[in-house]
Protein chains: 2
Amino acid sequence: MTSLPAAAARAARSDAARNRGRLLDAAAGLIAERGSDVDVREIARRAEVGMGTLYRHFPTKEALLDAALEHVFTSWATAATASLTGRAWPDLSRFLADALTRQTASPGLLDAYCQALPGQAGNTARQHCRQQVGPLIAELVRAAHESGELRPDITAEDVSLLLVALGRIAPVVPEPAWRRILHVSLDGLRTTAATPLPGA
Amino acid sequence: MTSLPAAAARAARSDAARNRGRLLDAAAGLIAERGSDVDVREIARRAEVGMGTLYRHFPTKEALLDAALEHVFTSWATAATASLTGRAWPDLSRFLADALTRQTASPGLLDAYCQALPGQAGNTARQHCRQQVGPLIAELVRAAHESGELRPDITAEDVSLLLVALGRIAPVVPEPAWRRILHVSLDGLRTTAATPLPGA
DNA sequence: ACCCTACCGGAGCGGCTGCTCCGTTTCGGT
DNA sequence: ACCGAAACGGAGCAGCCGCTCCGGTAGGGT
């Protein structure tokens, strides 16, 4: 008992790792398409895997969704970081617009982010979602404060919350509609006054 | 066949009307507490009524929720109209704040409103929700335009959408947090520049 | 006081969901 | 080639859901 290694040896079998990856991909795809309430059978079917396989790799459906979301949020944070230009305000507004576009294509994405809001019941499982994107938002806010374009009384938490709010409507209305609301919100965040709206 | 009256005679039995009211109250209460996905058994239990009674009065669960929501939205619109002062901007911002407070107490309320957004699938059933509050928002927007405090490029649809977005986060964060976001949004809607935030 | 009728209640049906169990297959070290 | 451990698949279980069905009950006109 005392001699067993802390972590099991490297994947003893190749198909195990492959199937684990397929499950994560399938789960991520289905979450994106239909939100967080997916049928486990459908995940298994899309991954071309049996139910037993699914529940060997992940103790519960929640754990699988959680692992899949971690991948999604990590890649989001990576892509968002890569597209920074160093100009504070354009970076911030583009980050928000891109996040909402992403949310339009994957209605269930910010759904998960919302579940990680502080004070939510059972939030521990989804905390990593915020941990992926949270620091990035904090940095964007800090830079925008420094450049003087973001009103100083706005916190990263405010921006995060605003993103979640807009993310809840972005998938259910036509794109020009949510872009207008985003524009208004950005005007509210700016130190200067209002600017002309896009769209009709 | 041709001789049957267009509407059946007045409620032939007293308990029928009473139970109908109880069902509507129970449904409204449960929707408010837990959102739109309620167990019909629980509605019947709270109304102290059997399943058969429920499905005699309403052809489907959806129809019951729909009827209950109509009551809720009507009373909301009535209360909101009653608290108007005639000063355009305070009326508009108070309407929004009151709506969000209401939403905080009843997380499922704007959930239903959201389902009536134009372009949503199967939206016909919930259209009356918008029809209750929609004209009120339109009037508030018109008055605020006239007084010159609301930027002229904002439509009633914009305000309605903003309300839905904020309503989605109001129940899941502490009150000061969503009040800050509302304040920022109102600043974005105003023709003048930003004003100090409430809360910490 | 009577009876017909409309209304009441809740057991039960079919379908869906998360999860388990176990006989079978396959990997990979020897 | 061989073999044991590990992974595979999917039928099946328990519980939940919206909804129906039908024997019993009670309202209200006469």
Side-chain angles (χ1 to χ4, degrees), chain A residues 3-5 7-28 30-31 33-69 108 111-112 115 122 125-126, chain B residues 4-5 7-27 30-31 33-69 108 111-112 115 122 125-126:
Chain A
S3 66
L4 71 85
R10 227 55 46 79
R13 292 179 52 161
S14 57
D15 52 348
R18 179 178 50 87
N19 282 337
R20 193 187 145 89
R22 288 182 144 189
L23 281 166
L24 287 173
D25 287 349
L30 286 170
I31 289 175
E33 290 170 19
R34 291 204 268 284
S36 292
D37 50 348
V38 210
D39 187 347
V40 279
R41 267 168 261 262
E42 194 163 1
I43 299 178
R45 201 181 317 131
R46 180 178 292 206
E48 294 176 312
V49 144
M51 291 292 299
T53 303
L54 192 158
Y55 276 96
R56 174 178 333 280
H57 286 290
F58 303 94
T60 179
K61 174 192 176 183
E62 195 54 27
L64 167 57
L65 298 190
D66 217 45
L69 283 169
D111 203 73
Q115 290 174 22
R126 295 279 161 82
Chain B
L4 71 86
R10 227 56 46 80
R13 291 181 52 161
S14 57
D15 50 350
R18 181 178 49 88
N19 282 337
R20 193 189 147 89
R22 289 181 143 191
L23 281 166
L24 287 173
D25 287 348
L30 286 170
I31 289 175
E33 290 169 22
R34 290 204 269 284
S36 291
D37 50 349
V38 210
D39 187 347
V40 279
R41 267 169 261 263
E42 193 160 1
I43 299 178
R45 201 180 319 131
R46 179 178 292 207
E48 294 176 311
V49 145
M51 291 292 299
T53 303
L54 192 158
Y55 276 96
R56 173 171 352 257
H57 285 291
F58 303 95
T60 180
K61 173 192 177 183
E62 195 54 27
L64 167 57
L65 298 190
D66 218 46
L69 282 169
D111 203 74
Q115 291 175 24
R126 296 280 160 82

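Chain letters run A, B, ... following the sequence lines, proteins first, then strands; residues in each count from 1. If you're wondering where the values come from, they're calculated on a predicted model, not measured in any experiment.
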Calculate, to the nearest 0.5 Å, the distance between atoms [atom1] and [atom2] belonging to [X] and [Y] respectively.
X       : Y       : atom1 : atom2 : result
A:Asp25 : A:Ile43 : CG    : CD1   : 12.0 Å
A:Glu42 : A:Glu33 : CD    : CD    : 8.5 Å
B:Ser36 : B:Lys61 : OG    : NZ    : 8.0 Å
B:Leu64 : B:Leu54 : CG    : CG    : 5.5 Å

Taking atom [atom2] of [N] as reference, at what distance in whole Å does atom [atom1] of [X] sit?
X       : N      : atom1 : atom2 : value
A:Asp37 : C:dT17 : CG    : C1'   : 11 Å
B:Arg18 : D:dG28 : CZ    : P     : 11 Å
B:Leu23 : D:dG18 : CG    : P     : 14 Å
A:Glu42 : D:dG9  : CD    : P     : 17 Å
B:Arg22 : C:dC7  : CZ    : P     : 17 Å
A:Lys61 : C:dC16 : NZ    : P     : 15 Å
B:Leu65 : D:dG18 : CG    : C1'   : 11 Å
A:Arg56 : C:dT25 : CZ    : P     : 16 Å

State whether [X] places a side-chain N or O below 4.0 Å from either non-bridging phosphate oxygen (OP1 or OP2) of [N].
X       : N      : result
A:His57 : D:dA7  : no
B:Thr60 : D:dC19 : yes
A:Thr53 : D:dG9  : yes
A:Asn19 : D:dA7  : no
A:Tyr55 : C:dT20 : no

So which heavy atom on B:Phe58 is nearest to which on B:Ala67, and how close?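 The pair with the smallest heavy-atom distance is CE2-CB, 3.8 Å.
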- Over all heavy atoms of both residues, which pair between A:Ala68 and A:Ala28 is shortest? Give the atoms and the distance, please.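 Looks like CB-N, 3.9 Å.
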Pairwise side-chain hydrogen bond (donor to acceptor under 3.5 Å, both in side chains) hits with a residue in residues 48-60 of chain A, at least two apart: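 For residues 48-60 of chain A, and leaving out neighbouring residues, the side-chain hydrogen bond (donor to acceptor under 3.5 Å, both in side chains) pairs sorted by first residue read A:Arg22-A:Glu48.
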message: Given C:dC8, D:dC17, D:dA7, identify the nucleotide with an atom nearest to the side chain of B:Asp39.
response: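 Per side-chain heavy atoms of B:Asp39, the pick is D:dC17.
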Any N/O pairs under 3.5 Å between the protein and nucleotides 12-15 of chain C? List them or say none.
residue	atom	partner	partner atom	Å
C:dG12	O6	B:Arg41	NH1	2.9

Identify the pairs formed between an N or O of the protein and an N or O of nucleotides 3-5 of chain C at a distance under 3.5 Å, and give each distance.
none

- Taking the nucleotide of DNA chain D with the closest heavy atom to each, which residue, B:Asp15 or A:Gly52, is nearer the 5' end?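 Per heavy-atom nearest nucleotide, the more 5' residue is A:Gly52.
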ask   = For A:Asp15 and A:Arg18, what are the C-alpha separation, side-chain angles and deciding distance, and is it a side chain to side chain contact (heavy atoms under 4.5 Å, CB included)?
value = CA-CA 5 Å; A:Asp15 52 348; A:Arg18 179 178 50 87; 3.4 Å; yes
